[in-house]
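The next block holds one structure in the form of C-alpha cells; read it before the comments.
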Protein chains: 2
Amino acid sequence: MARKSAAPQRRTDQLSRDTIVAAAIDLLDASGEDGLTFRALSERLSTGAGAIYWHIANKNELLTAACDALIARTLTMSATAATPEDTIRALALNLFDAIDAHPWVGSALARALGQMPMVRILESLGRPIRDLGVPARDQWTTVGALLNYILGVGGRNAANGQLARTQGLDRSDFLETVSAAWSGLDPVAFPFARGLAAQVRTHDDREDFLAGIDLILRGIAAPRPRRRG
Amino acid sequence: MARKSAAPQRRTDQLSRDTIVAAAIDLLDASGEDGLTFRALSERLSTGAGAIYWHIANKNELLTAACDALIARTLTMSATAATPEDTIRALALNLFDAIDAHPWVGSALARALGQMPMVRILESLGRPIRDLGVPARDQWTTVGALLNYILGVGGRNAANGQLARTQGLDRSDFLETVSAAWSGLDPVAFPFARGLAAQVRTHDDREDFLAGIDLILRGIAAPRPRRRG
DNA sequence: AATAGTATGGAACGACGTTCCATTAGGAGC
DNA sequence: GCTCCTAATGGAACGTCGTTCCATACTATT
C-alpha cells in the first residue's frame, strides 16, 4: 500500500545533546564559525533540523555548549603550579592555546556572558587570586581585569581566524599587509603606529599575551594608592 | 509611449559614502547590530541595494567605516590631561562611554583588526605611554595589553547590548538572573563564583573598567623583573 | 489493542548578503 | 546640436541561513 511519501528511514541510535555538541565542535574546527550550520549539522548526523531542535534551543545555545565543552576540557588540564602567579600564567597560556587552536571559542566566549564557560574561567582564576593575598573587596575587579584581557585577546584571535578563512590569506600574508599599511601612514598624524609597523611583522602572539599577563600580575602585586573618603 | 516597466524615480542628490555611513550609524544606534541590513538601509536612503554597493564593498567594510567614524569622533574629544596616567584614564573612559552608548562599536572593533579604528586608538595611547617613560622595546606589549583589555570590555558590552535587545530584558533583569544562577552553583565546585554572586547585582561597570585601567597602569609603573639571558 | 508522550526527518517560511541588469543623468568630443 | 561613454542608480533575483511546522514513527503504559 502506497504512502503519501516515502517513509524517512529512522535511525536506531538515539540522538543526544552530547552527540550534537561533539559534531558541532568538529564542524567549527574544520570550517570555522561559518561552518556551523544546521544544514551541515543535519547532514553530518544524518538527520533533519527538526530533530536537532528537539535537543537544542537554538544556534546560540549550541555554540555556547560547544564552547563550554572545550573550555571545561582545557581547564581540567590546568593543575596548580608552584606559586599563584605561575598558576595564573599556566592557566592563561592553556586558554590562549585552546583559543589559538579553536579560534571560534574566542567569539563564542564573548557571547556567553554570565554562563557556564565564563563561570569556569572565573572560578579557576579565583583560587590563585585569593592565594595571591588580594583582599576580598578587590577580588571582583582583579579577576575582571584578567578576564577582560583574556577575552580581548580571544576576540582578536577569533577575528584573525575568521579573516584568514574568508580572505583566504594566511597569517604571515595578513601581517605583511598590515605592516605595509602602517608604514604608509601619515608620519605627522600617526608617528607611534608607524614606529610599530616593524613589530607587526615580527612579534609573537603567545609571548605578547604572556607579557600582558605578567604586566597585570605586576599591577596586582603593586601596592594600591590610598582610597579617598 | 509605454515602457516595459515603470521607470524608477531617480534621486537628484548624489549618494555618497559618508551619507551611507551616517545612515548606517543611525540604524545601528536605533536597532543594534541586527538593525543594519541592506534592506533597511535601502529604504532609509530611498534607493536600492545595488546603488549602495557602488560605494561600499560589503557589509563588513560598512560596519568598520561606521565604527571608525564614531571612534574618530570620540578620540578628538580627548585632550591631554595633567599626567600621562590621567590622559590614559580619560581616553579609556571616553572609549568606554562611547562603546556603552553604542554597543555595536564593541563588536565592530573586534573585527577591524589592523584597520583604521584600531590604529587610531593605538596612536592615542602611544603618546602618553611614551610619556610614562616606557622604554621603546616594551611599548608594543604595553599598548597591546591596554588595547586588549579595552577590547575585552568592549566585546562584553556589545554582547550585553545584543542580549538585552534580543531577549527583551533590560540590564538589571539580566544581572538579577545571572546573580541568582551563580548563587545556585555547587558550593564545592564553584565557591569563588558563588561568592561573587552578590557583586554581580551591585557592581558598576564604569567603575570596574576604570579600576582595571588603574591596575594595568600600576603594572606599567612597577619595575620589571630582570630578564633571563 | 489503544493511547499518550517522546523523538525524528524533511519541507516550508521569511530574512539576509550579495549579484545582476536594465536604465538613466551628465559630460566629452565632434 | 548630437552621439558616446562612463558613473551611478534602483530593484529584481539568487542562494543560504536560522527557525518553525508537521506528518510520521517508535516506546512505554494501560
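Note: hydrogens, waters and symmetry copies are ignored here, and every other heavy atom, side chains too, is used.
Within 4.0 Å of B/Leu41, counting heavy atoms only, lies no atom of the nucleic acid at all. Counting non-hydrogen atoms under 4.0 angstrom, A/Ser42 reaches nothing in the nucleic acid.
Within residues 51-70 of chain B, the residues having any heavy atom closer than 4.0 Å to DNA chain C are, in order of number, B/Tyr53, B/Asn58, B/Lys59.
Between A/Arg11 and A/Asp13, at least one side-chain nitrogen of the basic residue sits less than 4.0 Å from a carboxylate oxygen of the acidic one, meeting the salt-bridge criterion. Ion pairing between A/Glu61 and A/Arg17 holds under the 4.0 Å rule for side-chain N and carboxylate O. Salt-bridge check for B/Arg120 with B/Asp68: passed, with a basic side-chain N closer than 4.0 Å to an acidic carboxylate O.
Straight-line distance from the CD atom of B/Glu43 to the C1' atom of D/dT9: 17 Å, rounded to whole Å. Atoms CZ (B/Arg17) and P (D/dA7) sit 18 Å apart, rounded to a whole Å. Atom CG in B/Asp34 sits roughly 12 Å away from atom C1' in D/dG18 (whole-Å rounding). Atom pair B/Ile20:CD1 and C/dG17:C1' shows a separation of 15 Å (rounding to whole Å applied). Rounded to whole angstrom, the span from the CG atom of B/Leu36 across to the P atom of C/dG17 amounts to 7 Å. Atom CD in B/Gln14 sits about 15 Å away from atom C1' in D/dG10, given to the nearest Å. Residue B/Asp13 contributes atom CG, which lies 14 Å from atom C1' of D/dG10 at whole-angstrom precision.
With the end axes of the helix from C/dA1-D/dT30 to C/dC30-D/dG1 each set by five pairs, the angle from one to the other reads 10° at 10° resolution.
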| field | Check against side-chain contact (heavy atoms from CB on, under 4.5 Å), B/Ile20 and B/Leu62 | value | CA-CA 8 Å; B/Ile20 295 172; B/Leu62 178 54; 3.9 Å; yes
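Under 3.5 Å, the side chain of B/Arg11 and the base of D/dG10 form no donor-acceptor pair of N or O atoms.
Between the side chains of B/Asn94 and B/Ser78, at least one donor-acceptor pair of N or O atoms lies under 3.5 Å. Between the side chains of A/Gln162 and A/Asp34, at least one donor N or O lies within less than 3.5 Å of an accepting N or O.
A side chain to side chain contact (heavy atoms under 4.5 Å, CB included) with B/Leu41 is found for one member of B/Asp26, B/Ile52, B/Thr47 and no other, namely B/Ile52.
Side-chain contact between A/Leu27 and A/Arg44 is present, with heavy atoms from C-beta onward closer than 4.5 Å. Side chains of A/Val200 and B/Trp140 form a contact here, defined as non-hydrogen atoms less than 4.5 Å apart.
Closest approach to the A/Arg10 side chain among D/dT9, D/dC26, C/dT19 is made by D/dC26 (side chain taken as heavy atoms from C-beta onward).
Along DNA chain C, the nucleotide closest to B/Thr37 and the one closest to A/Leu15 are compared, and the more 5′ of them pairs with A/Leu15. When each of A/Gly50 and B/Arg39 is assigned the nucleotide of DNA chain C with its nearest heavy atom, A/Gly50 is the one assigned upstream, toward the 5' end.
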